[in-house]
Amino acid sequence: MRYELVIFDNDGVLVDSEPIANTILAGYLTELGHPTSYEESLRDYMGAAMHRVHDLVEERSGEKLPDDFEATFYARTFAAFQEELVAVDGVEELLGKLVADGVDYCVASSGSHEKIRVGHRKTGLDQWFEEEWIFSSEDVGRGKPAPDLFLHAAERMGVAPERCVVIEDSPLGVEAARAAGMDVYGFTSMMPADRLTGVTGYFSDMAQLPELLA
């Protein structure tokens with residue numbers, strides 16, 4: 001493999017959480033008086049850190065979200081995860097191949113550390129990720145589309161950015177990876193390929209990825 005480190009986004013790439021989280025987010029924003037459809041939530045917030053939700057709502061309405069917004073959103077999301085969340089099809093086989101080939105990997109997610117861990121425990125992916133291989137936008141000042149999170153992950157893993165590859169499924173994540181000077185492959189299971197501009201390549205099935213990275 002021509003890369004020394006594979007950096008995975010989490011939501012929608014490792015765990016199939018985007019439909020769950022965006023359904024809840026759209027419903028909660030609408031409940032608070034900021035009408036948002038599921039499609040609008042995907043368009044505006046998929047792949048983003050929570051501060052983007054606060055910023056866009058205030059920019060558009062002039063109103064701040066309540067202080068307990070994140071706590072309520074995460075409580076609802078985690079409850080739904082316990083009922084519905086599964087790993088993305090083929091992810092465990094892919095991680096097993098990376099381990100067998102001796103290729104390092106980690107996760108760099110816009111989600112909180114708690115959200116990442118809740119999802120991994122529910123799906124069994126926690127067995128594949130050591131604590132020091134998990135990075136969140138909470139660890140840096142700016143979330144995606146800024147490059148900070150990916151650069152932080154590369155530094156902590158001891159790999160130069162140009163030797164890293166990012167696996168993403170959102171336009172904001174692709175933008176962040178490119179800004180970090182990393183190759184990035186776009187997973188098109190939810191996001192149309194034409195929305196993931198600037199990627200090194202596309203794939204729609206995890207089984208396709210090893211050949212792309214070879």
Side-chain angles (χ1 to χ4, degrees), residues 5-25 28 41-42 45-54 67-99 103-144 146-159 164-170 172-173 176-177 180 187 189-190 206 209:
L5 177 66
V6 180
I7 304 177
F8 290 97
D9 175 44
N10 188 58
D11 295 295
V13 172
L14 296 177
V15 296
D16 194 18
S17 54
E18 292 290 10
I20 301 170
N22 282 280
T23 296
I24 292 170
L25 180 59
Y28 187 28
S41 184
L42 289 177
Y45 305 122
M46 182 173 166
M50 286 302 292
H51 67 76
R52 179 177 171 88
V53 182
H54 288 270
D67 291 341
D68 64 349
F69 175 80
E70 289 182 39
T72 301
F73 168 71
Y74 281 130
R76 295 181 182 185
T77 300
F78 296 164
F81 280 2
Q82 295 305 321
E83 298 294 326
E84 306 173 45
L85 189 65
V86 295
V88 168
D89 189 44
V91 158
E92 293 206 58
E93 291 81 358
L94 173 62
L95 294 174
K97 179 167 177 52
L98 293 178
V99 170
V103 179
D104 288 338
Y105 61 86
C106 65
V107 58
S109 172
S110 292
S112 66
H113 276 285
E114 183 183 13
K115 184 182 179 186
I116 299 168
R117 286 163 172 77
V118 166
H120 285 196
R121 286 194 297 269
K122 173 61 170 63
T123 59
L125 291 183
D126 54 336
Q127 66 180 313
W128 294 98
F129 287 89
E130 302 290 342
E131 286 291 313
E132 59 267 27
W133 302 349
I134 298 174
F135 305 99
S136 160
S137 61
E138 293 178 324
D139 302 330
V140 295
R142 300 179 300 168
K144 306 170 189 177
D148 304 36
L149 177 56
F150 290 137
L151 292 173
H152 172 70
E155 180 181 11
R156 291 291 301 272
M157 296 294 290
V159 179
C164 299
V165 62
V166 175
I167 312 303
E168 265 288 354
D169 70 333
S170 75
L172 293 174
F187 185 36
S189 66
M190 282 191 61
M206 285 293 165
L209 195 52

Given the rule in the ring pair (Phe, Tyr, Trp, His ring centres under 6.0 Å) test, do F135 and F150 qualify, once you have shown the distances and angles that lead to the verdict?
-> CA-CA 9 Å; F135 305 99; F150 290 137; over 10 Å; no

Is a salt bridge present between R156 and D139, judged by a nitrogen-to-oxygen distance below 4.0 Å?
->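 Salt bridge flag = no for D139 with R156.
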
Under-4.0 Å salt bridge between E84 and K122 | no

Heavy-atom side-chain proximity of [X] to [Y] below 4.5 angstrom:
X	Y	answer
R52	L172	yes
D9	D169	yes
V13	V88	no
V6	I167	yes
F8	V91	no

Residue pair L95, V99: steps toward the side chain to side chain contact (heavy atoms under 4.5 Å, CB included) verdict = CA-CA 6 Å; L95 294 174; V99 170; 5.5 Å; no

Within the side chain of E138, is there an N or O that forms a donor-acceptor pair under 3.5 Å with the backbone of H113?
->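 Side chain of E138 to backbone of H113: a pair is present.
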
Below 3.5 Å, can you tabulate the donor-acceptor pairs from side chains in residues 74-83 to any protein atom, sequence neighbours excluded?
from	atom 1	to	atom 2	distance (Å)
R76	NH1	E31	OE1	3.1
R76	NH2	E31	OE2	3.2
T77	OG1	F73	O	2.8

To the nearest 0.5 Å, how far apart are CG in D11 and CG in L85?
->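 If we round to the nearest 0.5 Å, D11:CG and L85:CG are 8.5 Å apart.
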
Verdict with reasoning, Q127 to E92, per side chain to side chain contact (heavy atoms under 4.5 Å, CB included) | CA-CA 10 Å; Q127 66 180 313; E92 293 206 58; 3.5 Å; yes

Return the set of residues passing salt bridge (charged side-chain N to carboxylate O under 4.0 Å, His left out) with R142 (not counting sequence neighbours), or none when no residue passes.
->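 Counting only residues at least two positions away or on another chain, R142 forms a salt bridge (charged side-chain N to carboxylate O under 4.0 Å, His left out) with D148.
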
